[in-house]
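Structure, as structure tokens:
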2 protein chains.
Amino acid sequence: MYKNAQTDARGQTGIVSSVATIKDVAKAAGVSFKTVSRVVNGEKRVGPEARERVNQAIRELGYKPSLAARQLAGQRSYLIGLVLLGSGISYISRMMIAMGSACRDKGYNLITATLDYHQHMASDIVSINFSARPDCVILTPPFCNDQRILEHFERANIAVVRVAAVTPGYGLTVPVNEEPCALELMRHLIGLGHKRIGMIAPPLPLRASEARLVAYRKAVAEAGLEEDPALVIRGDFSFAAGVSATTSLLALPQRPTAIFASGDEMAAGVLAEAARLGYRVPDDLAVAGFDDSPIARMVFPPITTVHQPVRDIARAAVEAAINPDFKPQPFDYKLIIRGSTDGSRQHCLEPYPF
Amino acid sequence: MYKNAQTDARGQTGIVSSVATIKDVAKAAGVSFKTVSRVVNGEKRVGPEARERVNQAIRELGYKPSLAARQLAGQRSYLIGLVLLGSGISYISRMMIAMGSACRDKGYNLITATLDYHQHMASDIVSINFSARPDCVILTPPFCNDQRILEHFERANIAVVRVAAVTPGYGLTVPVNEEPCALELMRHLIGLGHKRIGMIAPPLPLRASEARLVAYRKAVAEAGLEEDPALVIRGDFSFAAGVSATTSLLALPQRPTAIFASGDEMAAGVLAEAARLGYRVPDDLAVAGFDDSPIARMVFPPITTVHQPVRDIARAAVEAAINPDFKPQPFDYKLIIRGSTDGSRQHCLEPYPF
DNA sequence: TTGTAGGCGTTATCAA
DNA sequence: TTGATAACGCCTACAA
């Protein structure tokens, strides 16, 4: 930390707190402030000894470039906006944490806006307002597929990265493919001997998560199971949706012996309603979710699910936000088998991998 | 959105995207840009008609002041830093959402840093680094009681607001008092006839949450119940801690018939372990938590708990961050009785109140 | 390889 | 009640 040039009793610089500027560093290093700028920005054309002197001065003064000044003078804001759903607790915190650290790693800052989905749909204006003017805004489902929001940022001339988008439109898309692992999950259930499997599908077809339903159908078909439309109910990813779908599914004349919920919160709802009705999981009813959100391991039995590589997705999104030419690699989804399908497994006590 | 002065076919300003500056507004309103600045900043000394013309120009041009420029020229950054624990999913997302919207309401932006507690304790430097230079940093437990962190920000000359702090030190404290409601919760359990109540206490005495244990002891004493130290086990607020404490408590020669966990995730651990061991909740074992985090309603039975007024706390913290003279009012904690103590209550399906 | 001039969009100061 | 002018700290040009 730099102090103003007030000499104190120890003959050192004083404690009147201030912040070192690029000129202070330049003076201390005996170079022009432009040279300091070059060092800070990692430009090549700096003599090695000048660079060393500058770096030392930076360390000594605790110099940190002013974001505000860089924003104003340069063209970049070093800010990335993130828009995500203002509900569904576990998903948003994972994304926030992952995006935040991905941004920090790249020298960027994350500004977050959470949006209520119903409120947004009901309103005729796009209420997202980043007064901080980020270089880029990252949109996650369901907003990444919202044409109005895309146009909003296009008009504002702000770059957009769309995570798991499925519709065409403005911005760069970071694609995901959930189908293979969802298929693996379904084969796991079928391999356990289940013949009638209920599905709590995503709310709308126009989402990447629809792949979970597609996988369900493929698996049912490939195993030659009966394709009963009554076994498929759509839900809005909430706990309540899981509960109510389960009430319906278990009331069917031929009830399913397993339920695949396309989100862990809904799967928790399945578990809760099953418990209320006295079904034992997994013996009477096997349950599977999707996401591997923290809730999946805080219920009993813990939920078999598909782990979303949120960190990798976040890193790719930030990378794409900074470098428009970035080509993301396919992400590594992973089947996690737990007690809700396999009775021999009990609590999952490992710390949650953010 | 303001467009640069390129006349298009319709005779309107063109579509070369740019952003309106204060000078553009001044030109459009026929005043000096300083007058615009006065209007934007809500200063008094502006003529009513000038003000009206400026406001209209602002609307027409879609003018938004540049945060970067304000930061550079003014003394405020319009940024508030938030430091919170990088684990315990539900708590952090609630805080983030609440702080974020509280900041937005005040025209500030929120920058977030999540810190791993163990990593922080093991490291000899404070690794929080807000390159965005916020005006103020809000610290939540357990970091609000960390002397090193306080000194770090004091040296950096950054204001600090400490939410629920109990130790003295640098910065403003937003105090909370959890004892009355924790007492109410204990009385509820005792009122149900429980004589031996297990307690899963907070990890360390030096926290505001210690009030939960204090309340436990008071309630036990005032009801004349046996004060058995074996009934009190400390936990680190994790699901796993809830599980392991429950294993111990239920193995006692005289097992408790109710367990008060000082956090909902731990209470979920109690529920899970009780289920594994075949105890029925609440008939064989009543369970209560604290926080009213989302997890409390996504398990079966849903958990009786104390609702933390996170929104109010967040608002107060932001208010204190902006205005050092702000005096927060006591917060309104609330007992929420659910199925884990009252068998007549089933799922809680209301949308979560952020 | 290094340095100088100019400007980014706002607020602060002082004058009109 | 208004307005001109000088910062703020840095980056982009261009020049040496």
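In what follows, chains are A, B, ... by sequence order, proteins preceding strands, each numbered from 1. Because the structure is a prediction, the values reported are computed rather than measured.
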Can you find a donor-acceptor N/O pair under 3.5 angstrom joining the side chain of A:R38 to the base of C:dT2? yes
Who passes salt bridge (charged side-chain N to carboxylate O under 4.0 Å, His left out) against A:R38, sequence neighbours left out? A:E43
Does A:K23, at its NZ atom, have more than 12 non-hydrogen atoms belonging to other residues, nucleotides or ligands within less than 6.0 Å? no
Can you give me every donor-acceptor pair (side chain of residues 123-132 of chain B, partner residue at least two apart or in another chain, under 3.5 Å) with its distance?
| unit_1 | atom_1 | unit_2 | atom_2 | d |
| --- | --- | --- | --- | --- |
| B:S123 | OG | B:I125 | N | 3.1 |
| B:S123 | OG | B:I125 | O | 3.0 |
| B:S131 | OG | A:N109 | OD1 | 3.2 |

Pick base, sugar-phosphate or nothing for A:Q71, based on heavy-atom distances below 4.0 Å to the nucleic acid. nothing
To the nearest Å, give me how far apart CG (A:L67) and C1' (C:dT10) are. 16 Å
Take the protein atom CG of B:L79 and the nucleotide atom C1' of C:dT10, then report the distance between them rounded to whole Å. 16 Å
To the nearest angstrom, the CG-P distance between A:N41 and D:dA13 comes to 13 Å
Qualifying ring-ring contact (aromatic ring centres under 6.0 Å, His included) pairs, either residue in residues 29-57 of chain A, two or more places apart: none
To the nearest 0.5 Å, what is the distance between CG (B:L82) and CD1 (B:I92)? 8.5 Å
How is B:Y63 classified with respect to the nucleic acid when contacts are heavy atoms under 4.0 Å: base, sugar-phosphate, or nothing? sugar-phosphate
Do B:K34 side-chain and C:dA12 base share a donor-acceptor contact under 3.5 Å? yes
Which residues pass the salt bridge (charged side-chain N to carboxylate O under 4.0 Å, His left out) test with B:R53, sequence neighbours left out? B:E49
Between P on C:dT11 and OH on B:Y78, what's the gap in Å once rounded to a whole number? 6 Å
If only side-chain N and O atoms of B:T35 are considered, is one of them under 4.0 Å from the OP1 or OP2 phosphate oxygen of D:dT2? no
Which parts of residues 49-58 of chain B get close to DNA chain D, meaning a heavy atom less than 4.0 angstrom away? B:A50
It should be established whether A:S66 places a side-chain nitrogen or oxygen under 4.0 Å from OP1 or OP2 of nucleotide D:dC10. no
For the helix from C:dT1-D:dA16 to C:dA16-D:dT1, what angle separates the axis at the start from the axis at the finish, each from five pairs, in steps of 10°? 30°
Answer with yes or no whether the side chains of A:S101 and A:R311 bring together a donor and an acceptor at under 3.5 Å. no
Which pairs count as side chain to side chain donor-acceptor pair (under 3.5 Å) when at least one residue sits in residues 110-121 of chain B, sequence neighbours excluded? B:H120-B:D146
So, is A:R70 near the phosphate of D:dC10, with a side-chain N or O under 4.0 Å from OP1 or OP2? no
Residues that A:D105 engages under side-chain hydrogen bond (donor to acceptor under 3.5 Å, both in side chains), provided they are two or more places apart: none
Would you please name every residue forming a salt bridge (charged side-chain N to carboxylate O under 4.0 Å, His left out) with B:E52, sequence neighbours left out? B:R59
Taking only distance into account, with no hydrogens and no angle test, what donor-acceptor pairs under 3.5 Å do side-chain atoms of residues 315-325 of chain B form with protein atoms, sequence neighbours excluded?
| unit_1 | atom_1 | unit_2 | atom_2 | d |
| --- | --- | --- | --- | --- |
| B:R315 | NH2 | B:D312 | OD1 | 3.2 |
| B:E319 | OE1 | B:K106 | NZ | 2.9 |
| B:N323 | OD1 | B:D325 | N | 2.9 |

Let me know the distance between CD of B:Q75 and C1' of C:dT10, rounded to the nearest Å. 12 Å
Give a yes/no on whether any side-chain N or O of A:S37 is located under 4.0 angstrom from OP1 or OP2 of D:dC10. no
Donor-acceptor contacts, no H, no angles, side chain residues 134-142 of chain A, under 3.5 Å, sequence neighbours left out:
| unit_1 | atom_1 | unit_2 | atom_2 | d |
| --- | --- | --- | --- | --- |
| A:D135 | OD1 | A:S77 | N | 2.6 |
| A:D135 | OD1 | A:S77 | OG | 2.9 |
| A:D135 | OD2 | A:S77 | N | 3.0 |
| A:D135 | OD2 | A:S77 | OG | 3.4 |
| A:D135 | OD2 | A:Y78 | N | 3.1 |
| A:T140 | OG1 | A:V83 | O | 3.1 |
| A:T140 | OG1 | A:Y91 | OH | 3.2 |

What's touching nucleotides 6-8 of chain D from the protein side, N or O pairs under 3.5 Å?
| unit_1 | atom_1 | unit_2 | atom_2 | d |
| --- | --- | --- | --- | --- |
| D:dC8 | O2 | B:L72 | O | 3.3 |
| D:dC8 | O2 | B:A73 | N | 3.2 |

Provide, to the nearest angstrom, the distance between the CD1 atom belonging to B:I22 and the P atom belonging to C:dG9. 11 Å
